[in-house]
Amino acid sequence: TTDKFSATLQALARPPKLIITDSQVFKAIYEQKPKESELTSFSVLFAGYKGDIHYYVESAAVIERLTESSRVLIAEACTHAPLSEDIGRVKLPRLLRKRIGENLQIDMVAGTDFPQDLTPYSLIIHCGACMFNRKYVLSRIERAREQHIPMTNYGVAIAFLNGIHMRLGGVAEKAAVVPAGLHHHRKIGQLGSAVVNIQTIEVVLQNAGHGIAGRVAVVLVDLHQYIE
C-alpha cells in the first residue's frame, strides 16, 4: 500500500533501479520515487507482454483530443463481480470525466463481448488482459487498427491522465515478459528474449503491499546483470 512505500525504500540498501506498481497509484508513487529509479506498472508490463505497447502509447495521446461529445469504449477481460471502486467501471471513468467533462460517453464491455463495429468510438481502453492470450489481444488490436480506432490499455491511459511521461526504447517489444518467463519456465537461460529492459519503459510506479515492489525490483535487476 502507498503508506508503506517510504518505509520500504528506507529499508533498502540503495534505491531500486526498477519499481513495479499498480497503475491506480501511479501518481502517488511517482511523486515519492527516487529520482534514479525507473517506474512501471503491472498493466504497462502486460501492455508489452500481451499487446502492442507502441500502439497503446501512440493511442493514449488521443485522450488530449477527446471532447464531451466523444465516445469511449472500456473493455475488461474478466467477468468478475464489480468492486465498489472497480478500476474499469469507476476509477478510470472518473479520471476521464474529470479531464474531459461529465458528459463524456463511456461504454463498458466484459469477457468476450467486444464489438465488431468499433467506428462509433473515439478511443478504446483495454484492461491488462491477464485472462486472454496474446494472440487474442492482438486480434482485437488489429480490428481497431483496421477501423482506424485508437486503442490503449488501463496502465498507459492512467499514466497519461496523471501527466506521467512514458519512454520506450528500441527493445520495448521484448519488455514485460519476465513475470511469465519466471512463472512458466523457471529457467534463467530463457530470459534472454524476455527480460525487462529497465532502460526501455518509464511509467509510474506503485507498490502492491508491504515492500513487495522493492524486493521484486531488486530481484529483476540482479537477474538482468547476468543476461546478455
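Every value quoted in this text rests on a predicted model; they were computed, and no experiment measured them. When a residue number appears, it is its place in the shown sequence, counting from 1.
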Is there a side-chain contact between [X] and [Y] in this structure, where contact means two heavy atoms from C-beta onward sitting under 4.5 Å apart?
| X | Y | answer |
| --- | --- | --- |
| I149 | L123 | no |
| R134 | V137 | no |
| E68 | R97 | no |
| Q147 | D117 | yes |
| V44 | Y56 | no |
| S6 | Q32 | yes |
| I124 | F114 | yes |
| Y121 | V72 | no |

Side chains of [X] and [Y]: is there a donor and an acceptor less than 3.5 Å apart?
| X | Y | answer |
| --- | --- | --- |
| S59 | T152 | no |
| Q105 | S70 | no |
| Y154 | E76 | yes |

Taking every non-hydrogen atom, the tightest pair across [X] and [Y]:
| X | Y | result |
| --- | --- | --- |
| N153 | C127 | CB-O, 4.0 Å |
| R140 | M151 | O-SD, 4.0 Å |
| A77 | A129 | CB-CA, 4.1 Å |
| L9 | P34 | CD1-CD, 3.8 Å |
| A28 | T2 | CB-CG2, 4.2 Å |
| V156 | A47 | CG2-CB, 4.3 Å |

### Listed once per pair and sorted, the salt bridge (charged side-chain N to carboxylate O under 4.0 Å, His left out) pairs that draw on residues 45-56, sequence neighbours left out
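As it turns out, the salt bridge (charged side-chain N to carboxylate O under 4.0 Å, His left out) pairs with a partner in residues 45-56, which skip direct neighbours, are D52-R145.
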### Query
To the nearest 0.5 Å, what is the distance between CD1 (I63) and OG (S122)?
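Here the rounded value is 11.5 Å.
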### Task
Nearest 0.5 Å please: distance from the OG1 atom of T67 over to the CZ atom of R65.
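Answer for the OG1-CZ pair, T67 versus R65, is 11.5 Å.
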### Query
Do F132 and Y136 pass the ring pair (Phe, Tyr, Trp, His ring centres under 6.0 Å) test, and can you show the C-alpha distance, the side-chain angles, and the key distance before you say yes or no?
CA-CA 6 Å; F132 293 155; Y136 188 74; 4.7 Å; yes
#### Entry: Criterion side chain to side chain contact (heavy atoms under 4.5 Å, CB included) on E38 and K17, from CA distance to verdict
CA-CA 6 Å; E38 301 281 356; K17 291 187 177 180; 5.8 Å; no
### Message
Among L92, I87, V109, which residue satisfies the side chain to side chain contact (heavy atoms under 4.5 Å, CB included) criterion with I74?
### Response
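Exactly one pass, corresponding to L92.
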### Message
Check whether S43 reaches the backbone of G155 with its side chain - one donor and one acceptor, N or O, closer than 3.5 Å.
### Response
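Yes, because the side chain of S43 sits within donor-acceptor range (under 3.5 Å) of the backbone of G155.
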### Query
Does S37 use its side chain to pair, donor to acceptor, with the backbone of K33 at less than 3.5 Å?
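Judged by distance alone, no pair lies under 3.5 Å.
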### Task
Dump the intermediate steps for salt bridge (Lys or Arg N to Asp or Glu O under 4.0 Å) on D107 and R71, then the final yes or no.
CA-CA 8 Å; D107 296 341; R71 188 175 177 186; 2.7 Å; yes
### Query
How would you list, by chain and number, every residue that makes a salt bridge (Lys or Arg N to Asp or Glu O under 4.0 Å) with E64, sequence neighbours excluded?
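E64 satisfies salt bridge (Lys or Arg N to Asp or Glu O under 4.0 Å) with R99 once adjacent residues are dropped.
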### Message
Set out, in order, the CA-CA distance, both residues' side-chain angles and the distance that settles side chain to side chain contact (heavy atoms under 4.5 Å, CB included) for I20 and F42, then state yes or no.
### Response
CA-CA 6 Å; I20 304 173; F42 300 107; 3.6 Å; yes
